[in-house]
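Atoms within a ligand are numbered from 1 in the order they appear, just like the ligands themselves. Worth knowing before you read on, the calculation uses all heavy atoms, side chains too, and leaves out hydrogens, waters and symmetry mates. Positions are given from 1 along the sequence.
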Amino acid sequence: MSEQALLKPVKLGRYALPNRVAMSPLTRNRAANPELAPTALHATYYTQRAGAGLIISEASQISPQGVGYPNTPGIYSDAQVAGWRRVTESVHAAGGHMFCQLWHVGRISLPDFHGGEPPVAPSAINPETTLYAPDFSQKPTVTPRALGTEEIKGIVDDYAHAARCALEAGFDGVEVHAANGYLLNQFLIDTSNQRSDAYGGSIENRARIVFEVVDAVAAIWGADRVGIRLSPSGLFNIGAGSDNRAQFDYVVDRLNDYALAYLHLMEPFAPVDDIPNMIPRVAEHYRPRYRGTLMINNGFDQAKGNAVIENGHADLVAYGRLFISNPDLPARFAAGAPLTEPDQATFYVGGEKGYIDYPTYETA
Ligand SMILES: Cc1cc2nc3c(=O)[nH]c(=O)nc-3n(C[C@H](O)[C@H](O)[C@H](O)COP(=O)(O)O)c2cc1C
């Protein structure tokens, strides 16, 4: 069993990781304090999962403007840095590596989080969905306010500030969240970006902010400690763009110019074969184009994870839901041990239940 591809060491930027089983970023809404700072509970949760080759933190907002859900932690204030420092020290003591996922939700938010003002976005287009309000009730989204050109520089500066905070908090690197319909993804896709300035229109213009953010963050960390997450065929929080494939081909081609720690790609949540300009098999499409370390995610089990590495379509596999319910996932893979199913009811509710009480295989 130790010959499994998932359990072989791998180089990621400047790090030598013991295995290829990454923990996918997972929002868990447990920062239930006015500072939106990680707590001792977070340290316990992440330390339980330190056997991952790499832990990617839950999405952490880069500024108050970047928030869109209740009790998600930030990475911009002193209290948040102190909270995260406790987490990273504990994860490191257990032998783990941990990157911080930098997040701005853009229009996937409610006025309730912004003093009654609408959230911001590339264009004033309502995503037409419902979201959790601060009291965890569901509310419909509103039409966001389109960002002024001069405001975009301020957002890039917020990413740089958050990247500096992540460094101070003792993370091993940062992952730029450009997936799942949040702000950077909103800029990339023409259903949410109808701007007529330098940040809209052409494929190059729609990608401009993504590369400004990558440049800003890499200037602080070095490109070899920066990853980026993309969902080229994603339909979560966002409509299919008219030129998705060409848009993401352009982004991935340009990412080759950076020696990033990794590119983290998501397969579609549901088949997209019938949607024009989408990419049904993301890893297969991008492996030949991307020259760096490639991490793949979405719907993988142990067998599929080993297969995608063996057939050369990816270097690492990120596991989300299975890491929620199996804190010792790589050890279970090594032992061929049975897996615990995650309880969806406790994904986002807060508290210890369904968070730090999943047993390891040995204690089960
Ligand atoms: C509870 C939950 C929270 C999530 N939070 C995030 C997040 O903060 N950032 C992100 O990029 N993806 C997030 N995702 C998506 C996961 O990282 C992952 O892409 C998804 O669960 C599919 O992988 P899986 O099939 O291994 O679970 C979340 C998914 C779940 C189920």
Side-chain angles (χ1 to χ4, degrees), residues 6 20-31 36 38 42 45-46 49 52-62 66-75 84 98-106 108-109 131-132 136 162 174-186 227-238 262-270 282-283 295-306 308 314 316-327 329-330 332-333 339-351 353-356 358:
L6 278 171
R20 294 153 186 262
V21 184
M23 179 176 168
S24 210
L26 293 159
T27 290
R28 305 300 311 277
N29 309 78
R30 260 72 177 180
L36 299 175
H42 291 78
Y45 165 76
Y46 282 112
R49 288 156 181 80
L54 179 71
I55 295 174
I56 304 158
S57 81
E58 64 208 273
S60 304
Q61 59 269 7
I62 58 162
V67 75
Y69 298 86
N71 302 339
T72 57
I75 182 71
W84 279 122
M98 184 166 185
F99 276 37
C100 182
Q101 193 185 46
L102 303 181
W103 193 29
H104 189 310
V105 298
I108 303 300
S109 188
L131 296 169
Y132 282 118
F136 285 90
V174 289
E175 178 178 286
V176 174
H177 191 353
N180 293 347
Y182 296 114
L183 184 72
L184 298 180
N185 199 175
Q186 290 158 31
I228 184 168
R229 187 172 222 213
L230 300 172
S231 47
S233 294
L235 295 170
F236 177 66
N237 289 331
I238 202 149
Y262 62 92
L263 167 62
H264 186 177
L265 294 176
M266 292 174 68
E267 296 288 353
F269 277 104
V282 169
M295 185 186 297
I296 192 71
N297 165 256
N298 211 352
F300 284 85
D301 59 14
Q302 182 176 3
K304 284 186 194 157
N306 278 315
V308 77
L316 293 96
V317 180
Y319 289 88
R321 288 160 291 186
L322 285 180
F323 247 120
I324 290 178
S325 51
N326 299 277
L329 190 61
R332 291 199 196 209
F333 285 170
L339 301 179
T340 305
E341 285 297 314
D343 171 20
Q344 287 197 35
T346 52
F347 277 1
Y348 305 112
V349 295
K353 193 170 176 317
Y355 192 53
I356 58 164
Y358 284 106

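- There is a side-chain donor-acceptor pair under 3.5 Å between Tyr46 and Glu58.
- With sequence neighbours excluded, the residues forming a ring-ring contact (aromatic ring centres under 6.0 Å, His included) with Tyr319 are Phe333, listed by chain and number.
- Protein residues with a heavy atom under 4.0 Å from ligand 1 are Ser24, Pro25, Leu26, Thr27, Ala59, Gln101, His177, Asn180, Arg229, Met266, Asn297, Asn298, Gly299, Tyr319, Gly320, Arg321, Phe347, Tyr348.
- Residues satisfying the ring-ring contact (aromatic ring centres under 6.0 Å, His included) criterion with Phe347, sequence neighbours excluded, are absent altogether.
- Ring orientation note: the planes of Tyr45 and Tyr355 are close to parallel, at an angle under 30° on the 30°/60° scale.
- Residue Tyr132 holds its OH atom at 12.0 Å from CG of Asn71, rounded to the nearest 0.5 Å.
- Residues passing the ring-ring contact (aromatic ring centres under 6.0 Å, His included) test with Tyr358, sequence neighbours excluded: none.
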